[in-house]
Amino acid sequence: MDNILEVSDLEIMLSADQGTVDVIQSVSFKLAPGKTLALVGESGCGKSVTAASILRLLPRELEITRGSILFRSPDSGEVTDIAKLAPRGSAIRDLRGNDIAMIFQEPMSSFSPLYTIGNQIGEVVQLHRKVSKKEARDITAGLLDKVGIPDAWAAVDRYPHEYSGGMRQRAMIAKALSCDPALLIADEPTTALDVTIQAQIVELMQELQQEFHMAIIFITHDLGVVAQVADEVCIMYAGRVVERGQVRDIFHEARHPYTRDLLHAMPRLGNLEEELVAIEGNVPGLFDMPTGCRFHPRCAAFMADTCNVRTPDLTQVSGSHIVECHLYD
Amino acid sequence: MTDATPPSAGAAPLLEVKDLAVHFPVGRRGLSGRGGGVLKAVDGVSFTVYRGETLGLVGESGSGKTTVGRAVLRALEPAAGSVTLYRDDEAIDVTGLDPQDLKRVWRHMQMIFQDPYSSLNPSMTVADIIGEPLRVNGVASGSELKEQVMTIAGRCGFNVAHLNRYPHAFSGGQRQRVAIARALVLHPAFVVCDEPVSALDVSIQAQVLNLLKELQGQFGLTYLFIAHDLATVAYACDRVAVMYLGQLVEVAPTEKLYYTPLHPYTEALMSAIPVGDPDLPIRPVQLKGERPNPSDPPAGCRFHTRCRFAQDVCVAKAPPLAEFATGHYVSCHFAGDLDLKGAMDHPASTVARR
Amino acid sequence: MSRTTGAAGVVGAAAKGSPRTRSYEVATHWQLMWWKFRRHHMAIVGLSVLGIFLVISLVPEFLAPYRAHTRDLRYAQGPPMGIHFFDSTGTFHARPFVYGWKSERDPVTLRRITTVDESKLYPMQWFVKAEPYKLFKLFDTDIHLFGVEGSKVHLFGTDQIGRDVFSRTIYATRTSLSIGFIGVMIAFVLGLTFGGISGYVGGMMDLVVMRVVEFIRSIPTLPLWLALAAALPRDWSATQVYIAVTVILAMIGWTHLARRVRGKLLALREEDFVLAARLSGCSHVRIIGRHMLPSFMSYLIVDLTISFPYIILAETALSFLGLGMREPAVSWGVLLFSAQNVRSLVLMPWLLIPGLFVIVAVLAFNFVGDGARDAADPYAK
């Protein structure tokens with residue numbers, strides 16, 4: 001296995017009062033070391049659940065019921081099936097601390113307001129490497145400097161609330177980097193930020209990816225950012241991957257009607273005369289999933305007696321470009 | 001909407017805002033409630049909204065754009081300045097109204113909120129929510145009220161069979177339609193749209209933007225459209241005003257602002273917009289340093305701490321918002337002298353031309 | 001658990017699209033709360049227990065075989081009687097029975113001891129006629145839920161002077177719970193009024209009310225109760241003391257509620273839907289009544305449920321110390337007061353049974369409170 005991560009046929013079920021229902025269905029993707037995969041979709045499409053399952057951070061009601069999440073440790077070359085690990089066991093904790101890191105939309109959630117940024121990152125550094133407190137502080141300041149925090153040696157001793165939104169995001173990235181992860185999962189890291197700061201953070205993540213040779217899973221609903229950061233893209237809709245491929249496949253050769261609609265619905269600069277295309281209808285709820293192709297009630301290319309009856313098969317368009325749609329059966 | 005002619009000098013103004021200022025108390029206060037500092041969230045903002053147009057108000061977090069939207073309606077009390085609403089032949093000084101008269105004026109000025117989850121009372125049915133303005137203003141009751149609620153809900157694309165349900169039964173897009181119906185049920189002339197699509201999914205955003213546009217035509221509405229990104233504003237607005245740290249830095253018809261921006265901040269905002277094409281990476285204009293604390297804004301031009309063209313004069317003197325070309329206002333000492341990149345230089349326009 | 005917000009959101013969203021979709025979509029705030037509350041099994045248990053207590057408080061005369069002050073001198077200091085199905089010969093009786101007893105003096109210590117007389121069986125009877133009473137102070141009747149004919153039944157034993165502990169506990173339940181209920185209601189009205197003024201009017205009023213609240217809260221509670229209770233005239237009747245004790249407890253209980261009301265109002269004032277209501281032209285009365293109150297009524301109910309046990313415990317503590325309710329009133333605290341000394345504890349441990357009622361009641365309120373707290377925001381993801 002050359003890839004750092006291979007997710008195959010993943011299925012996650014939710015057990016609620018009303019019974020069990022799948023949240024994620026036959027999700028598969030691969031990620032090569034040093035590459036960026038974007039998981040794109042609207043709220044409720046399952047992109048965050050997929051990401052959380054890689055770290056086994058699912059709430060109790062959600063359970064992996066099928067499929068595998070193979071992770072290859074770049075140091076030892078050892079392959080682990082994360083889906084088989086005990087969710088609260090030491091094996092997954094080791095992975096979380098050493099190989100896989102995660103950053104979130106809201107940076108305040110990963111810092112305690114009670115301790116300085118330096119304290120909190122230094123703690124992770126100390127856990128990870130055998131260094132003294134003093135050395136850990138130096139390493140922390142170095143990391144803060146690397147993520148572009150001005151005057152990093154003073155910033156080490158500041159508290160999270162003394163940082164601005166963009167700086168907190170940088171500090172969180174520094175914290176994630178402190179364990180030198182092979183895989184970074186970024187859950188909507190730029191959504192809460194202003195456009196000017198968003199651009200800076202995206203650029204920073206790309207630089208750091210080069211330097212640390214990390215693989216990144218970038219979760220977002222913003223196709224504009226995806227075009228900038230991703231090597232590969234998975235478009236998710238209602239718990240399924242409807243199309244996946246290289247970033248150029250998706251942006252220039254999109255096949256699935258949903259992907260195409262999304263691209264047209266995205267406001268872009270520069271084409272003032274073009275109308276925005278709306279996708280009619282709403283994202284279906286978990287308990288009233290349409291039969292057949294889950295997108296069919298909103299699809300412009302809907303074919304009666306086919307789309308609403310059968311789940312489409314995966315069709316290989318070219319190389320790694322795969323689409324799940326009856327148009328290409 | 002973008003092909004609409006920018007309002008010429010002859011277009012009738014609907015709302016005139018002059019030197020608007022809104023202050024918030026900050027920091028510790030003594031027992032007397034006095035002392036402590038003042039945050040000038042909005043500091044001397046003037047603009048005019050013309051009948052039938054959509055004026056975009058764009059800025060990043062902390063720019064004071066939402067505060068302007070609320071102060072214009074007097075949902076927040078302005079510290080200074082005036083807001084005048086022109087109705088028929090009457091000029092109403094909104095800032096000088098007593099509470100009773102203000103209530104009457106609110107029938108002509110309404111608001112659509114950003115978050116459709118917090119703007120609808122969870123304990124009322126959709127029908128009650130939409131009908132409330134009619135009921136409390138004594139406009140309609142009984143079956144007439146019901147009929148008007150159904151009409152407006154239908155116009156807003158809400159399934160009228162679901163009117164007796166509670167907001168929790170609906171998704172963000174549906175809720176936003178309810179919020180729009182409530183704002184429009186009294187047939188106001190002017191609506192403040194406070195980031196009406198930023199909380200919605202991409203596929204739903206376009207639905208709501210198109211709906212707002214459609215309703216504008218049907219009801220002859222005038223919008224103040226508050227947004228944080230220039231890309232959305234391009235689709236929705238005839239003219240755009242850009243705010244930075246509580247002040248307007250540039251006001252212009254959308255096309256002029258996009259193709260020939262005159263303020264360095266507008267350029268920076270525009271350059272940071274993602275292109276949506278993997279082959280055309282954006283080159284955002286880097287803003288130096290951090291956004292200053294709004295409670296302690298820099299002297300002179302407020303943007304000088306981050307501006308790549310800043311000179312001594314920028315520190316010393318605040319530039320006024322002046323008309324540089326017809327309908328194109330800018331607040332910069334070097335307006336027209338700087339080599340700023342507009343939308344045509346943005347990689348996205350290459351995509352558009354292809 | 002902010003780490004799993006994304007995934008947890010799905011769980012919330014799932015609850016939204018339930019199969020009983022129709023009813024969910026037209027369900028009111030309170031129905032949603034009830035559905036969410038129902039998921040807490042302990043809260044349901046708690047609620048059932050409270051239901052039983054409510055019945056006890058409504059008709060103690062019917063449930064208790066004897067009155068609180070009826071003395072059975074022949075069985076004074078007697079232990080709880082067992083209810084049997086099998087007699088000493090091992091014969092099964094379909095109707096349960098109690099044994100008779102003999103009362104004699106210990107020849108050595110001269111202490112009076114009661115011994116079971118297994119030769120006499122008294123079958124338990126439902127709906128026996130015994131001491132007359134007025135049901136709900138209206139209907140004359142003498143029917144009691146259970147009893148035995150020809151003898152007496154003391155499920156929890158008797159106290160020093162032969163009063164039936166079971167009956168007394170039943171009567172005490174009414175007193176203690178009603179003190180709790182009335183106390184909570186007074187606290188509720190005070191809290192709502194002052195918290196409401198503080199939160200909605202704001203400014204100087206807010207400042208004054210909050211300083212008063214802080215002052216009251218900074219007084220150590222126990223000494224304050226002691227001082228206030230000690231100030232009650234000794235010659236007051238049981239009813240007067242009862243009212244006074246309730247008021248004293250409520251006077252301290254309202255501060256917590258006032259703060260909550262104020263905090264909630266301040267938060268709600270900033271909600272978009274409140275601003276929308278203002279822009280719609282709603283009056284202040286309508287904004288408070290139709291928009292703000294329904295949104296935080298559920299939180300208030302949670303607070304009330306949680307403050308209930310505090311008042312009950314406070315009453316028990318005061319009475320236990322001899323400063324609250326006094327004989328001839330019967331409350332849980334008064335009953336425990338008689339179990340205060342070591343001697344009676346050793347000789348008559350059954351006098352502590354009312355203490356179990358206190359524990360069960362407090363636990364039940366806390367379970368219900370926990371469930372209610374979770375259900376208070378039925379839209380939470």
Side-chain angles (χ1 to χ4, degrees), chain B residues 29-33 70 73-76 99-100 102-107 109-126 128-139 161-171 175 178-179 182-183 185-186 188 191-192 194, chain C residues 9 12-13 15-18 20-33 35-36 202-208 210-211 267-298 376-381:
Chain B
R29 310 173 79 186
L31 262 181
S32 61
R70 296 188 177 206
L73 296 182
R74 263 186 77 193
L76 275 174
Q100 278 313 312
L102 187 59
K103 259 186 205 174
R104 272 194 285 278
V105 169
W106 276 338
R107 291 174 56 172
M109 307 165 76
Q110 277 297 320
M111 183 156 180
I112 298 165
F113 298 85
Q114 173 177 6
D115 182 1
Y117 288 87
S118 74
S119 69
L120 304 180
N121 185 344
S123 61
M124 289 165 79
T125 63
V126 170
D128 284 343
I129 290 171
I130 300 177
E132 184 169 50
L134 294 172
R135 183 173 295 127
V136 297
N137 285 294
V139 174
H162 296 165
L163 277 173
N164 63 340
R165 297 185 180 178
Y166 288 85
H168 63 249
F170 301 101
S171 63
R175 283 164 178 246
V178 174
R182 169 183 58 193
V185 72
L186 288 172
V191 180
V192 174
D194 188 1
Chain C
K16 292 190 160 184
S18 66
R20 34 176 162 73
T21 309
R22 268 313 87 65
S23 56
Y24 175 81
E25 283 162 352
V26 293
T28 63
H29 188 70
W30 298 105
Q31 275 171 316
L32 289 178
M33 279 182 67
W35 289 346
K36 204 162 176 196
M204 205 59 202
M205 285 303 292
D206 182 28
L207 213 67
V208 172
M210 280 303 110
R211 293 301 88 76
L268 275 174
R269 263 201 334 198
E270 304 301 318
E271 283 283 336
D272 284 346
F273 71 81
V274 173
L275 175 56
R278 212 149 65 81
L279 291 175
S280 299
C282 294
S283 62
H284 287 300
V285 176
R286 190 174 166 92
I287 289 177
I288 297 176
R290 192 74 186 86
H291 294 278
M292 293 171 111
L293 261 181
S295 320
F296 78 105
M297 209 52 186
S298 42
D377 184 7
Y379 314 104
K381 290 198 170 178

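Within every chain, numbering begins at 1; the chains are lettered A, B, ... in the order of the sequence lines, protein sequences first and strands thereafter. When reading the values below, keep in mind they use all heavy atoms of this one structure, side chains included, and skip hydrogens, waters and symmetry mates.
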Structural part of Asp194(B) lying under 4.5 Å from a heavy atom of chain C: neither

Residue Arg182(B) versus chain C: region with a heavy atom under 4.5 Å: side chain

Counterpart residues, side-chain hydrogen bond (donor to acceptor under 3.5 Å, both in side chains), relative to Arg269(C) (two or more places apart): none

Arg107(B) versus chain C, the contacting section by heavy-atom distance below 4.5 Å: neither

Derivation of the salt bridge (charged side-chain N to carboxylate O under 4.0 Å, His left out) call for Arg286(C) and Glu132(B): CA-CA 11 Å; Arg286(C) 190 174 166 92; Glu132(B) 184 169 50; 2.7 Å; yes

Heavy-atom side-chain proximity of Ser280(C) to Arg135(B) below 4.5 angstrom: no

Positive for side chain to side chain contact (heavy atoms under 4.5 Å, CB included) with Phe273(C), one of Pro122(B), Ser118(B), Ser123(B): Pro122(B)

Between OH on residue Tyr166(B) and CG on residue Leu32(C), distance to nearest 0.5 Å: 9.0 Å

Over all atoms of both residues, closest heavy-atom pair of Ala75(B) and Arg278(C): O-NH2, 2.8 Å

Backbone of Val274(C) reached by a side-chain donor or acceptor of Asn121(B) within 3.5 Å: no

CD on Gln114(B) to CG on Asp272(C), rounded to 0.5 Å: 8.5 Å

